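Both counts, for ligands and for their atoms, begin at 1 and track the order of listing. Quick caveat: nothing in here was measured; it's all calculated off a predicted structure. Residues: numbered from 1 along the sequence shown. Because only heavy atoms are used, hydrogens play no part in the values below, and waters and symmetry mates are left out as well, while side chains stay in.
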Amino acid sequence: MSSFDPTRRKLLQAGAAAGGAAVAPAMLIDAEAAAAAPAARPPAALGTANVTLRVNGTDHQVMLDPRTTLLDAVRERLHLTGAKKGCDQGQCGACTMIVDGRRIASCLTLAVMQEGHDITTIEGLGTPKNLHPMQAAFVKHDGFQCGFCTPGQIMSAVGLITEGHAGDDPERVREQMSGNICRCGAYQGITEAVLEAQKIM
Ligand code: FES
Ligand code: FES
């Protein structure tokens, strides 16, 4: 019959070779497995990568240029714009995210390299009505002025705790936060906020 495809032809040939009886159950098993399998990823277009990013506990599947930084992917593809692009070269800390419990400059890593990792952005910490303790401490201690650096500062402050660097020495806090630049000079309030929040986290 002309409508037979090669796969079906092979199955019938195998069935004939096996006496016919074993093929039907095998076909049923294959059909059930196919139905239960998760949907396959669509093929990536030429020059793009098909990446699943786990951000704030949710998986996001995106097609992107493999050269896209994590910062650009999160801001421009996932529309989570809390992390800021300050220098775009790893010097200001405005783009700080937490990946698997450690701080990273998201402008310095490619999104494709972070597949399979747990990425947390400022949007994953708290909400306006239910602030994370670190966010509440920044508000209480005036740890910001213009606010541009603040998401990165807060992510770095949370990260220093998850990395095990918490302590009650202000100098240690300043050293741990030294990768985050504040052009408004809100450092005094930032240090006070970190010292207070880490007591209750
Ligand atoms: Fe990434 Fe400045 S934008 S460190
Ligand atoms: Fe303005 Fe830090 S609050 S740069």
| request: Please find out if atom 1 (Fe) of ligand 1 and some N, O or S atom of Cys92 are separated by less than 2.8 Å. | output: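 For Cys92, the answer is no, given that no N, O or S atom comes within less than 2.8 Å of atom 1 (Fe) of ligand 1.
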| Is Cys184 close enough that one of its N/O/S atoms sits under 2.8 Å from atom 2 (Fe) of ligand 2? |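 Of the N, O and S atoms in Cys184, none lies under 2.8 Å from atom 2 (Fe) of ligand 2, which means no.
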| query | Under 2.8 Å from atom 2 (Fe) of ligand 2, is there an N/O/S atom belonging to Cys146? | reply |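 Under 2.8 Å: Cys146 has no N, O or S contact with atom 2 (Fe) of ligand 2.
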| said: List ligand 2 atoms under 4.0 Å from Cys149, heavy atoms only on the residue side. | reply: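 By the 4.0 Å cutoff, the relevant atoms are 2 (Fe), 3 (S), 4 (S).
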| Any side-chain heavy-atom pair from Ile119 and Leu53 closer than 4.5 angstrom? |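 A side-chain contact exists here, since the closest heavy-atom pair is under 4.5 Å.
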| message | Are Val51 and Met113 linked, directly or through intermediate hydrophobic residues, by side-chain heavy-atom contacts shorter than 4.5 Å (ILVMFWY only)? | response |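 In one cluster: yes.
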| message | Quick check for you: to the nearest 0.5 Å, what is the distance between Met155 atom CE and Thr96 atom OG1? | response |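 If I round to the nearest 0.5 Å, the distance is 8.0 Å.
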| field | Separation of Cys95 SG from Arg75 CZ (nearest 0.5 Å) | value |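 Answer rounded to 0.5 Å: 10.5 Å.
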| said: For atom 3 (S) of ligand 2, what's the nearest protein heavy-atom neighbour? Residue, atom name and distance, please. | reply: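 For this ligand atom, the closest protein heavy atom is Gln145 N, 3.2 Å.
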| task | If you have a sec, work out which protein heavy atom is nearest atom 4 (S) of ligand 2 and how many Å separate them, to one decimal? | result |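 Checking every protein heavy atom, the shortest distance to atom 4 (S) of ligand 2 gives Arg183 N, 3.2 Å.
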| Hey, is Ala186 touching ligand 2 through its side chain, its backbone, both or neither, going by heavy atoms under 4.0 Å? |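 Near ligand 2, Ala186 shows nothing, with every heavy atom at 4.0 Å or more.
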| task | Calculate the angle formed at atom 1 (Fe) of ligand 1 by SG in Cys95 and SG in Cys107; 10° precision is enough. | result |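 Angle SG(Cys95)-atom 1 (Fe) of ligand 1-SG(Cys107): 100°, rounded to 10°.
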